[in-house]
Amino acid sequence: MGARILLVEDDPLIVESLTELLVGEGYSVATASTQRDAIERALSDSACRLVLLDISLADGNGFAVCSAVKAERPEVPVIFLTASDDEFNTVTGLTMGADDYVAKPFRPRELLARIAAALRRAQPERRALRLGPLAIDPDRARVERDGAEVALSALEYRLLLLFAANPGKLVTREAIRDALWDEAGTYIEENTLSVYIKRLRDKIEDDPAHPSLIVTVRGLGYRARG
């Protein structure tokens, strides 16, 4: 399932049609029909990645929701749904920090394109990671050592990325298996994890029999070089 969108709209027919559209595109959708409920959901649901917001609500307006979201979670994009001839509300919403607006009646493909663009802009720039002599570029999914690429399988790369993002910290075997399961969609057995760790070490360690980049914490898990 894709990013979670909070849809704030008090017209049941619009909620139904938009939810069907968004779910069909792979998004997860939460809904709210009041100003109070919208603010509570937007601030309490850490998985919310975008707010799609009608200006007119039965108990208030979308401006208050936008202000609350941007004050507490400025990284979450807000897209207003506005009446086509409502220039004042459009300008007001953008001035208050909204990221975009879509005029009603909207064209479904345009709305989806604007949502996708807002989510892309909201993604933080990922910095390069290092683990000892290894340079990891998350944007290109590329690992280099002394300028030469290190060829890793998809699961080996995800393992390395997990360790590099947690230098010096204990990473339990359970946490690793959960992370790989989330990414790959396949549960990783204990013995299979040991095989992947060995394969990764064979490719990145100077002496795989005596690893220094990813060391075993007996009975608990592993710790990456800090």
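Being a predicted model, the structure only gives us computed values, none of them experimental.
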### Message
Please determine whether side-chain contact (heavy atoms from CB on, under 4.5 Å) holds for the pair L119 and Y27, giving the CA-CA distance in whole Å, both sets of side-chain angles, and the decisive distance to 0.1 Å.
### Response
CA-CA 12 Å; L119 288 171; Y27 294 111; 3.6 Å; yes

### Query
Can you name the nearest heavy-atom pair linking A64 to I39, along with the distance?
O-CD1, 4.0 Å

## Note on the structure
All heavy atoms of A58 vs all of D10, minimum pair found to be N-OD2, 3.1 Å

### Query
So if you build clusters from Ile, Leu, Val, Met, Phe, Trp, Tyr with side-chain heavy-atom gaps below 4.5 Å, do V23 and L18 land together?
yes

### Query
How is the hydrophobic cluster of V217 composed, in terms of its other members, when Ile, Leu, Val, Met, Phe, Trp and Tyr link through side-chain heavy atoms under 4.5 Å apart, directly or indirectly?
L170, L220

### Summary
Those residues at least two apart in sequence (or on a different chain) that pass side chain to side chain donor-acceptor pair (under 3.5 Å) with T216 are R201

### Query
Where is the tightest heavy-atom contact between A224 and F163, given as atom of each residue plus distance?
CB-O, 3.5 Å

### Query
Can a salt bridge be assigned to the pair E25 and R109 using a cut-off of 4.0 Å between side-chain N and carboxylate O?
yes

### Message
Distance check, rounded to the nearest 0.5 Å: L129 atom CG versus L161 atom CG?
### Response
6.0 Å

### Query
Distance-only, no hydrogens or angles: does the R199 side chain make a donor-acceptor pair with backbone N or O of E156 under 3.5 Å?
no

### Message
With a 3.5 Å distance limit and no angle check, can you tell me whether E9 reaches the backbone of T31 through a side-chain donor-acceptor pair?
### Response
no

### Message
Can you give me the closest heavy-atom contact between P133 and R145, atom names plus distance?
### Response
CG-CZ, 3.5 Å

### Query
Checking D99 side chain against V78 main chain: does a donor-acceptor pair fall under 3.5 Å?
yes

## Note on the structure
Heavy-atom closest pair (K70 atom, P77 atom, distance to 0.1 Å) is NZ-CA, 4.0 Å

### Crowding at CZ, R130 (>12 non-hydrogen neighbours, <6.0 Å)
yes

### Task
Rounded to the nearest 0.5 Å, what's the gap from CG on D11 to CG on L57? Could you check?
11.5 Å

#### Entry: Backbone of A122 reached by a side-chain donor or acceptor of E75 within 3.5 Å
no

### Query
Regarding R173 and S194, is there a side-chain donor-to-acceptor distance under 3.5 Å anywhere?
yes

### Query
Does a sphere of radius 6.0 Å around CG in D207 hold more than 12 heavy atoms from other residues, nucleotides or ligands, not counting ones at 6.0 Å or beyond?
yes

### Query
Side chains of I176 and Y196: closer than 4.5 Å at any heavy-atom pair?
no

### Query
Short question: side chain of D59, backbone of Q35 - any donor-acceptor pair under 3.5 Å?
yes

### Within 6.0 Å of CD in E174, more than 12 heavy atoms from elsewhere
no

### Query
Can you list the steps and then say if L22 with I115 is a side-chain contact (heavy atoms from CB on, under 4.5 Å)?
CA-CA 10 Å; L22 295 170; I115 288 172; 3.6 Å; yes

### Worked check of side-chain contact (heavy atoms from CB on, under 4.5 Å) between V8 and D54
CA-CA 6 Å; V8 184; D54 189 16; 5.9 Å; no

### Task
Please determine if R73 and D45 form a salt bridge, counting it only when a charged side-chain N lies under 4.0 Å from a carboxylate O.
no

#### Entry: Closest heavy-atom pair and its distance - G97, C66
C-SG, 4.3 Å

#### Entry: Test log, rule side-chain contact (heavy atoms from CB on, under 4.5 Å), inputs L111 and L52
CA-CA 10 Å; L111 175 61; L52 191 59; 3.9 Å; yes

### Query
Donor-acceptor pair, E205 side chain versus L213 backbone, under 3.5 Å?
yes

